[in-house]
Amino acid sequence: MACCVLQITGLIFGGVGMVGTLAATAMPQWRVSAYVDGNIVVFETIWEGLWMDCISQLGIRLQCKFYDSVLALPPPLEAFRALMCIAVGLAIVSFLMAIVGVKYTRSSKEGPQGVSIFILAAGVAFLLTGTLVLIPVSWTGGSIVRDFYDPQVPAPLKRELGAALFVGWGSSALLLAAGAMYC
């Protein structure tokens, strides 16, 4: 019975982590404009994401623009896009494997060997997905903090941690927890 509870809990964690990974990938709030020093332009908020930049004016008007060319993007952003897209695909596959494993556990008459293949594969896939999400999110967070405290970076170019990073860290933690439960 404890095994089924652990599998269902892992399935819930994996499902929420999968949705969080998809949300963090799509959200434009990876980097958010910071109001420091002499930056008195407070009626505009700038969001920078993986796919687009957005400007919110007084919380009323929101303008978003997709990046014009993939070739004009900096290499880290291209790599982060690729890692997050792979993570989304792998999260979906992991979740489907976990569903099959849980369903197969309840109706299995072959014993624990047949069940453990699906459950173990889902666990390893969840662990890999959590790691893939953690890399770009943590790298971006580290670069934001480094640039924020760098005196060479002008105040209008300083950014703060956006909501997408926190969603990414949370979903990564849930995916790693689901993977640990299944392994």
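Counting only heavy atoms from C-beta outward, the side chains of Ile144 and Leu165 approach each other to under 4.5 Å. With contacts defined as side-chain heavy-atom distances shorter than 4.5 Å, the pair Arg159/Val32 does not qualify. Side-chain atoms of Thr21 and Leu175, non-hydrogen and from C-beta on, do get closer than 4.5 Å to each other. Side chains of Leu120 and Cys183 form a contact here, defined as non-hydrogen atoms less than 4.5 Å apart. Ser171 is not listed as a side-chain neighbour of Val16, based on a closest heavy-atom distance of 4.5 Å or more. Residues Tyr182 and Val102 are in side-chain contact: their nearest non-hydrogen atoms beyond the backbone lie under 4.5 Å apart. Side-chain contact between Val5 and Gln7 is absent, with no heavy-atom pair separated by less than 4.5 Å. Side chains of Met18 and Ile92 form a contact here, defined as non-hydrogen atoms less than 4.5 Å apart.
For Gly10 against Ala178, the heavy-atom pair with the smallest separation is O-CB, 3.4 Å. Residues Leu132 and Ala87 come closest through the heavy atom pair CB-CB, 4.0 Å. Closest of all the heavy-atom pairs between Leu11 and Ala98 is CD1-CB, 3.6 Å. The heavy-atom pair separating Ala23 from Val167 by the smallest distance is CB-CG1, 4.3 Å. Taking all atoms of both residues into account, the shortest heavy-atom contact from Tyr67 to Leu77 is CE1-CD2, 3.9 Å. Heavy-atom minimum distance, Val137 versus Val133: CG2-O, 3.3 Å.
Note on Val145: it does not cluster hydrophobically with Val153, by side-chain heavy-atom contacts below 4.5 Å among ILVMFWY residues. Both Ile8 and Phe126 are part of a single hydrophobic cluster, where members link through side-chain heavy atoms under 4.5 Å apart. Phe66 and Ile46 end up in different hydrophobic clusters when Ile, Leu, Val, Met, Phe, Trp and Tyr side chains are linked at under 4.5 Å. In terms of hydrophobic clustering, with Ile, Leu, Val, Met, Phe, Trp and Tyr side chains grouped at heavy-atom distances under 4.5 Å, Leu134 and Trp139 are assigned to a common cluster. The hydrophobic clustering, which links ILVMFWY residues whose side-chain heavy atoms are closer than 4.5 Å, places Met27 and Phe166 apart.
Under the disulfide bond (SG atoms under 2.5 Å apart) criterion, the residue pairs touching residues 55-92 are Cys54-Cys64, with sequence neighbours excluded.
For the atom pair OG1 (Thr25) and CZ (Phe80), the distance works out to 13.0 Å, reported to the nearest 0.5 Å. In this structure, the separation between CE on Met84 and CG on Leu22 is 9.0 Å, given to the nearest 0.5 Å. Interatomic distance, Leu176 CG to Leu127 CG, rounded to the nearest 0.5 Å: 6.0 Å. Here the CE atom belonging to Met97 is positioned 12.5 Å from the CD1 atom belonging to Ile117, to the nearest 0.5 angstrom. One distance of note links CZ of Phe148 with CG of Leu161; it measures 9.5 Å at 0.5 Å rounding. In this structure, CG in Leu73 is found 5.5 Å from CD in Glu78, a value given to the nearest 0.5 Å.
Not counting sequence neighbours, Asp150 has no partner by the salt bridge (charged side-chain N to carboxylate O under 4.0 Å, His left out) test. Qualifying salt bridge (charged side-chain N to carboxylate O under 4.0 Å, His left out) partners for Arg81, counting only residues two or more places apart in sequence or in other chains: none.
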### Task
Apply the test side chain to side chain donor-acceptor pair (under 3.5 Å) to residues Ser138 and Trp169: give CA-CA distance (whole Å), side-chain angles for both, the deciding distance (0.1 Å), then the verdict.
CA-CA 8 Å; Ser138 296; Trp169 280 318; 3.1 Å; yes

### Task
Carefully, step by step, assess Asp53 and Lys65 under the rule side-chain contact (heavy atoms from CB on, under 4.5 Å).
CA-CA 6 Å; Asp53 286 338; Lys65 182 179 182 237; 5.6 Å; no

### Task
Quick one: do Lys158 and Asp147 satisfy side-chain contact (heavy atoms from CB on, under 4.5 Å)? Show the steps, please.
CA-CA 7 Å; Lys158 293 190 182 217; Asp147 290 346; over 6 Å; no

### Task
Walk me through it: do Ile55 and Thr45 pass the test side-chain contact (heavy atoms from CB on, under 4.5 Å)?
CA-CA 6 Å; Ile55 296 177; Thr45 304; over 6 Å; no

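Trp47 and Ser33 are not linked by any side-chain donor-acceptor pair at a separation below 3.5 angstrom, with hydrogens and angles left out of the test.
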